[in-house]
Amino acid sequence: MRRHPRRGEAGREVTAPSVPSERGAEVGRRIGVGLMYGLWKPRVLGSWKVPATGPVIFAVNHSHNIDGPMVMGVAPRPTHFLIKKEAFIGPLDPFLLGIGQLKVDRSVADRGAITQALGVLSAGGVLGIFPEGTRGEGDFASLRAGLAYFAVRSGAPVVPVAVLGSSGRRSRLTKGLPPLRSRIDVVFGDPFEAGDGSGRRTRKALDEATERIQKQLTAHLENARRLTGR
């Protein structure tokens, strides 16, 4: 972890969070490949649309806990997901950190997580975000402003990702998971710019970017459902 000479409230030197390792995220991607293809039957569409280099933001719908690992396992590039801190419990804490995932406290403006996420994008990496903020219907109906902030601040293109089939039937063996060897579709969409090109970061600009993002994500989800018959 790199140290930067900043001062805290009492004048103490504080440590700035380091940028998660892309090598760690690549290890996570390889683990995800083995697990996701070993336990289910992913069908991946549109992965060629993901830019091969440079910063990218994956905007993923979220209806099941396996959505993040599924995208990590099938994406063509290693991904650093912003994950709620509640998931970092016991041995999962060092494991998730070791594979380049970002711990975020959703109850506050988590400056450490924000700095790390922007660092991932500044280094030309892939940041994964669930723009709905929490698990739900997975229909992009309610977006938080975080995605717009990262997209406008970094200038990184947003790639919509629809995960379909993870939240339907449940496995008879493991109730919290989809049936083993069932098909799960992951559809990557066309990258788009969230900002208006002006570089503005005002509240109005972020609100407009959020509205623009929601239209794009909703359209992608509808197209993904047509393509997959879901």
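As a basis for the values below, the full set of heavy atoms in this structure was taken, side chains included, without hydrogen atoms, waters or symmetry mates. Predicted model only: the values in this text are computed from it and were never measured.
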Peer 1: Would you check if the side chain of Trp40 reaches a backbone N or O of Ile184 as a donor-acceptor pair within less than 3.5 Å?
Peer 2: no

Peer 1: Within a strict 4.5 Å, meaning less than it, do heavy atoms of the Pro178 and His64 side chains meet?
Peer 2: yes

Peer 1: Can you tell me how far CZ of Arg77 sits from OG1 of Thr53, rounded to the nearest 0.5 angstrom?
Peer 2: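 Nearest 0.5 Å value for the OG1-CZ distance: 6.5 Å.
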
Peer 1: Same cluster or not: are Leu45 and Val163 linked, directly or through other Ile, Leu, Val, Met, Phe, Trp or Tyr residues, by side-chain heavy atoms under 4.5 angstrom apart?
Peer 2: no

Peer 1: Please name the pair of heavy atoms, one in Pro78 and one in Glu22, separated by the smallest distance, quoted to 0.1 Å.
Peer 2: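 Smallest interatomic distance, heavy atoms only, reads CG-OE2, 3.7 Å.
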
Peer 1: Quick one: closest heavy-atom pair of Arg201 and Val152, and the distance?
Peer 2: CG-CG1, 4.1 Å

Peer 1: Once you round to the nearest 0.5 Å, how far does CD of Glu211 lie from CG of Leu206?
Peer 2: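 One finds 13.0 Å between CD of Glu211 and CG of Leu206.
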
Peer 1: Under 4.5 Å between side-chain heavy atoms, counting indirect links through other Ile/Leu/Val/Met/Phe/Trp/Tyr residues: same cluster for Phe95 and Met36 or not?
Peer 2: yes

Peer 1: Do the side chains of Pro157 and Phe192 get nearer than 4.5 Å, heavy atoms only?
Peer 2: no

Peer 1: Salt bridge or not for Glu26 and Arg23, using N-O below 4.0 Å?
Peer 2: no

Peer 1: Do the side chain of Gln216 and the main chain of Pro191 share a donor and acceptor less than 3.5 angstrom apart?
Peer 2: no

Peer 1: With side-chain contact (heavy atoms from CB on, under 4.5 Å) as the test, would you mind laying out the steps for Ile99 and Met72 before giving the verdict?
Peer 2: CA-CA 11 Å; Ile99 60 171; Met72 284 179 61; 4.0 Å; yes

Peer 1: Tell me, do Leu102 and Ile83 make a side-chain contact under 4.5 Å, heavy atoms counted?
Peer 2: no

Peer 1: How far apart are the closest heavy atoms of Phe188 and Gly46, and which atoms are they?
Peer 2: CB-O, 3.3 Å

Peer 1: Does the side chain of Val159 reach to within under 4.5 Å of the side chain of Lys49, using non-hydrogen atoms?
Peer 2: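 No - every pair of side-chain heavy atoms lies 4.5 Å or more apart.
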
Peer 1: Look at atom CZ of Arg230 and say whether more than 12 heavy atoms of other residues, nucleotides or ligands are closer to it than 6.0 Å.
Peer 2: yes

Peer 1: Answer with yes or no whether the hydrophobic clustering places Val126 together with Val71; edges join I, L, V, M, F, W, Y residues whose side-chain heavy atoms lie under 4.5 Å apart.
Peer 2: yes

Peer 1: Look at Asp93 together with Lys103 and state whether they make a salt bridge at an N to O cut-off of under 4.0 Å.
Peer 2: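 Lys103 and Asp93: salt-bridged.
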
Peer 1: Can you check whether Asp190's main-chain N or O pairs, donor with acceptor, with His220's side chain at less than 3.5 Å?
Peer 2: no

Peer 1: side-chain contact (heavy atoms from CB on, under 4.5 Å), that's the test. Do Leu147 and Ile57 meet it? Break it down for me.
Peer 2: CA-CA 8 Å; Leu147 173 55; Ile57 299 174; 3.4 Å; yes

Peer 1: Would Ile66 and Leu177 count as a side-chain contact (heavy atoms from CB on, under 4.5 Å) here? Give the steps.
Peer 2: CA-CA 8 Å; Ile66 73 162; Leu177 297 175; 3.7 Å; yes

Peer 1: Considering residues, nucleotides and ligands other than Arg203, do more than 12 of their heavy atoms fall under 6.0 Å from its CZ?
Peer 2: no

Peer 1: Identify the heavy atoms of Val56 and Leu121 that sit nearest to each other, and give their distance.
Peer 2: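 Taking Val56 first and Leu121 second, the nearest heavy atoms are O-CD2, 3.5 Å.
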
Peer 1: Would the distance check show the side chain of Thr218 and the main-chain N or O of Lys215 forming a donor-acceptor pair, the cut-off being under 3.5 Å?
Peer 2: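 Pair absent, no side-chain N/O of Thr218 close to backbone of Lys215.
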
Peer 1: Which atom pair, heavy atoms only, marks the closest approach of Pro76 to Ser47?
Peer 2: CG-O, 3.7 Å

Peer 1: How long is the span from the NZ atom in Lys204 to the CG atom in Asp196, to the nearest 0.5 Å?
Peer 2: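 It is 10.0 Å, given to the nearest 0.5 Å.
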
Peer 1: Roughly how far apart are Arg225 CZ and Asn223 CG, rounded to 0.5 Å?
Peer 2: 11.5 Å

Peer 1: Calculate, to the nearest 0.5 Å, the distance between atoms CD and CD1 belonging to Glu193 and Ile213 respectively.
Peer 2: 10.5 Å

Peer 1: Assigning hydrophobic clusters by single linkage (Ile, Leu, Val, Met, Phe, Trp, Tyr; side-chain heavy-atom cutoff under 4.5 Å), is Val44 placed with Leu39?
Peer 2: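 Yes, same cluster.
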
Peer 1: Would you give the length of the straight line joining atom NZ of Lys85 to atom CG of Asp110, rounded to the nearest 0.5 angstrom?
Peer 2: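 The distance works out to 8.5 Å.
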
Peer 1: Going through the checks in order, is the ring-ring contact (aromatic ring centres under 6.0 Å, His included) test met by Phe81 and Phe130?
Peer 2: CA-CA 8 Å; Phe81 267 99; Phe130 299 112; 5.1 Å; yes

Peer 1: Assess the residue pair Leu217 and Leu221 against the criterion (side-chain contact (heavy atoms from CB on, under 4.5 Å)); give the C-alpha distance rounded to whole Å, side-chain angles, the decisive distance to 0.1 Å, and a yes or no.
Peer 2: CA-CA 6 Å; Leu217 299 187; Leu221 185 59; over 6 Å; no

Peer 1: What I'd like to find out is whether the side chain of Val120 reaches to under 4.5 Å of the side chain of Pro20, using heavy atoms alone.
Peer 2: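 Val120 vs Pro20: side chains touch.
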
Peer 1: If I compare all heavy atoms of Ala224 with all of Thr228, which pair ends up nearest, and what's the gap?
Peer 2: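 So the minimum-distance heavy-atom pair works out to O-OG1, 2.8 Å.
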
Peer 1: Mark yes or no for whether Arg43, through its side chain, and Asp185, through its backbone, hold a donor-acceptor pair below 3.5 Å.
Peer 2: no

Peer 1: Mind checking whether Asn61 and Val161 have side chains closer than 4.5 Å, heavy atoms only?
Peer 2: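 A side-chain contact under 4.5 Å is absent here.
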
Peer 1: Would you say that more than 12 heavy atoms from the other residues, nucleotides or ligands in this model lie under 6.0 Å from the CZ of Arg30, or not?
Peer 2: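 Result for CZ/Arg30: open.
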
Peer 1: Considering only heavy atoms from C-beta outward, does the side chain of Ile129 approach that of Phe58 to under 4.5 Å?
Peer 2: no

Peer 1: Are Leu92 and Met70 connected, step by step, through hydrophobic side chains (Ile, Leu, Val, Met, Phe, Trp, Tyr) whose heavy atoms are closer than 4.5 Å?
Peer 2: yes

Peer 1: Do side-chain atoms of Gln116 reach the backbone of Ile114 as a donor and acceptor pair under 3.5 angstrom?
Peer 2: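 Looks like no, no N/O pair under 3.5 Å.
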
Peer 1: Backbone N or O of Leu127 within a donor-acceptor pair of the His80 side chain at under 3.5 Å?
Peer 2: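 No, the answer is negative, given that no donor and acceptor are paired below the 3.5 Å cut-off.
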
